[in-house]
Novice: 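Before I ask anything, let me first share the structure, which is written out below as structure tokens.
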Amino acid sequence: MSSPSFKILAAILAVAIGASAIAQEKRAPDGAAAPDANAVSEQQLLQQESRIEGRIDIPDSRARVLIQPTGRRWDSFHEMTLHRVGAIVILGMIVLLGLAFLVLGRLRISAGRSGKKIVRFSAFERFSHWLTATSFVLLGLTGLNITFGKILLLPLMGASAFSDLAQIAKYIHNFVSFAFILGLILIVALWIKDNIPRQVDIDWIKQGGGFVKGKHAPAGRFNAGEKAVFWGALAAGVAVSASGLLLLFPFYGTNIATMQVAQVVHAVVAVLFVALILAHIYIGTLGMEGAFEAMGTGEVDTNWAKEHHDLWYVEKQAQDRP
């Protein structure tokens with residue numbers, strides 16, 4: 001083929017390709033050319049890729065993650081979903097306990113106080129309980145500040161004062177956690193043998209747990225309700241402790257996704273844990289006469305013991321006889 005003919009053919013081919021590209025090019029509504037119409041949108045790119053990475057010179061492989069779409073879902077959970085769910089669970093429990101007090105009132109000792117005492121908890125048992133309880137209250141308050149502080153306290157205190165409070169709360173939350181873990185271990189070691197479910201627990205539930213007048217609910221050292229609190233607190237305590245340690249020492253054998261899961265688990269379980277302990281505090285203070293004395297002085301009235309823990313009372317009397 002001669003050189004002029006080749007040039008003519010190449011020109012025709014180039015024009016055809018250009019015309020085809022122009023025909024396929026997306027245009028704006030007014031017909032004008034839209035140069036970026038065929039480009040991949042950012043949202044489409046984020047949906048197709050779990051994360052967008054770029055090259056960097058520092059050795060930390062995690063630092064090359066520039067954008068992480070799953071982080072947006074985590075942020076939405078932390079800033080919106082957790083606030084709503086947490087408020088519903090905690091405030092809902094407070095409302096339920098308030099209604100229980102209005103309807104049932106305080107559960108009194110049916111036979112009245114006898115004036116005689118029996119030892120229910122030793123000094124070391126009470127120390128273990130109050131170590132766990134005190135640390136839990138501090139963890140709960142500082143944790144709620146992390147979740148709700150920006151909404152409730154920041155507008156009232158101002159940015160500077162709230163920043164100081166949040167920093168102090170953060171250190172309290174981090175260091176008090178070790179006292180809570182220690183207390184949890186002590187409580188499990190002391191009381192797990194007395195919290196094994198037994199047949200009598202079913203009878204306790206059938207009799208209304210002592211809240212139905214005219215029905216006696218038999219129980220050992222701990223009744224079915226207390227055992228439920230024990231196992232619930234144990235499960236929640238292990239979950240918040242394990243997830244909390246991952247958050248306290250980040251990226252030790254974990255990645256960003258694992259850290260986000262740990263934070264979600266920590267927050268959700270902590271909210272449920274607070275609601276459970278609110279019910280426990282209510283029963284031990286306002287809900288039942290004589291209950292607080294067990295952890296306050298370690299002794300309870302014998303009529304209270306006969307009414308709420310009759311099987312334990314009989315065993316205790318047999319052990320105390322010479």
Side-chain angles (χ1 to χ4, degrees), residues 68 71-98 127-187 232-233 236-252 254 256 258-282 284-286 295:
Q68 187 198 188
R72 299 183 180 184
R73 292 195 293 270
W74 171 85
D75 183 70
S76 175
F77 164 81
H78 188 270
E79 297 299 326
M80 297 179 63
T81 307
L82 180 61
H83 291 163
R84 295 172 183 172
V85 174
I88 291 173
V89 171
I90 295 175
L91 294 179
M93 177 57 74
I94 294 175
V95 170
L96 287 176
L97 295 176
F127 164 78
S128 301
H129 173 272
W130 288 115
L131 173 65
T132 311
T134 304
S135 58
F136 178 85
V137 170
L138 292 174
L139 290 171
L141 292 175
T142 53
L144 290 174
N145 177 70
I146 295 173
T147 303
F148 298 104
K150 289 189 296 183
I151 299 176
L152 301 177
L153 298 181
L154 179 58
L156 299 176
M157 302 177 61
S160 179
F162 177 74
S163 176
D164 294 337
L165 173 65
Q167 185 176 18
I168 295 172
K170 172 182 175 295
Y171 285 120
I172 292 175
H173 197 86
N174 289 347
F175 290 105
V176 171
S177 60
F178 296 103
F180 173 78
I181 293 174
L182 175 60
L184 186 65
I185 293 173
L186 292 176
I187 282 179
V238 170
V240 295
S241 298
S243 57
L245 289 174
L246 290 178
L247 298 174
L248 195 58
F249 302 99
F251 300 115
Y252 282 90
T254 60
I256 294 176
T258 308
M259 294 295 297
Q260 290 174 344
V261 172
Q263 196 279 336
V264 171
V265 171
H266 193 79
V268 172
V269 175
V271 167
L272 297 176
F273 203 178
V274 169
L276 175 67
I277 297 303
L278 285 175
H280 177 64
I281 293 173
Y282 167 77
T285 53
L286 294 176
M295 279 299 169

Novice: If you define the side chain from C-beta out and look only at heavy atoms, does anything of Leu144 sit under 4.5 Å from Val271?
Specialist: no
Novice: Taking the side chain as every heavy atom from C-beta outward, state whether Phe178 and Leu248 have any atom pair closer than 4.5 Å.
Specialist: yes
Novice: Could you measure the distance from the CG atom of Leu97 to the CG atom of Leu286? Nearest 0.5 Å is fine.
Specialist: 9.5 Å
Novice: Nearest heavy-atom pair of Val269 and Ala239: which atoms, and what distance?
Specialist: CG1-CB, 4.0 Å
Novice: Measure the CG-NE2 distance between Asp75 and His78 for me, rounded to the nearest 0.5 Å.
Specialist: 8.5 Å
Novice: Does Trp74 use its side chain to pair, donor to acceptor, with the backbone of Val264 at less than 3.5 Å?
Specialist: no
Novice: Minimum heavy-atom separation for Leu276 and Gly232, please, with both atom names.
Specialist: CD2-C, 3.8 Å
Novice: For Pro250 versus Met259, what's the shortest heavy-atom pair and its separation?
Specialist: CB-CE, 3.4 Å
Novice: Is the shortest heavy-atom distance from the side chain of Ile256 to the side chain of Gln260 under 4.5 Å?
Specialist: yes
Novice: Working to the nearest 0.5 angstrom, can you tell me the gap between Thr147 OG1 and His83 NE2?
Specialist: 6.0 Å
Novice: Rounded to the nearest 0.5 Å, what's the gap from CG on Leu182 to OG on Ser241? Could you check?
Specialist: 11.0 Å
Novice: Count the heavy atoms belonging to other residues, nucleotides or ligands that lie under 6.0 Å from NE2 of His266, then report whether that count exceeds 12.
Specialist: yes
Novice: For Lys170, what residues pass the salt bridge (Lys or Arg N to Asp or Glu O under 4.0 Å) criterion, not counting sequence neighbours?
Specialist: none
Novice: So, for Ala262 and Ser243, which heavy atoms are closest and what is the spacing to 0.1 Å?
Specialist: O-CB, 3.5 Å
Novice: Looking at Ala267 and Leu82, what are the two nearest heavy atoms and their distance?
Specialist: CB-CD2, 3.6 Å
Novice: Evaluate the side-chain proximity of Ser177 to Leu139: yes if any heavy-atom separation is below 4.5 Å, no if none is.
Specialist: yes
Novice: Is any side-chain heavy atom of Thr142 closer than 4.5 Å to one of Tyr171?
Specialist: no
Novice: Taking atom NE2 of His173 and atom CG of Leu247, what is their separation to the nearest 0.5 Å?
Specialist: 8.5 Å
Novice: Give me the atom names and distance for the closest heavy-atom approach of Met93 to Ala275.
Specialist: CG-O, 3.5 Å
Novice: Would Val274 and Phe136 satisfy side chain to side chain contact (heavy atoms under 4.5 Å, CB included), going step by step from the backbone distance to the final call?
Specialist: CA-CA 9 Å; Val274 169; Phe136 178 85; 4.2 Å; yes
Novice: Just do the side chain to side chain contact (heavy atoms under 4.5 Å, CB included) check on Leu141 and Asn145 with the steps written out, would you?
Specialist: CA-CA 6 Å; Leu141 292 175; Asn145 177 70; over 6 Å; no
Novice: Before you tell me yes or no, could you show the steps for Leu138 and Phe180 under side chain to side chain contact (heavy atoms under 4.5 Å, CB included), namely the whole-Å CA-CA distance, both residues' side-chain angles and the distance that decides it to 0.1 Å?
Specialist: CA-CA 10 Å; Leu138 292 174; Phe180 173 78; over 6 Å; no
Novice: Counting only N and O atoms by type, is there a donor-acceptor contact under 3.5 Å from the side chain of Thr132 to the main-chain atoms of Ser128?
Specialist: yes
Novice: CG of Leu96 to CG of Leu278: how many Å apart, nearest 0.5 Å?
Specialist: 11.0 Å
Novice: Judged by atom type as modelled, is there a donor-acceptor pair below 3.5 Å linking the side chain of Thr254 to the main-chain atoms of Phe251?
Specialist: yes
Novice: For the residue pair Phe77 and Val268, establish whether any side-chain heavy-atom pair is separated by less than 4.5 Å.
Specialist: yes
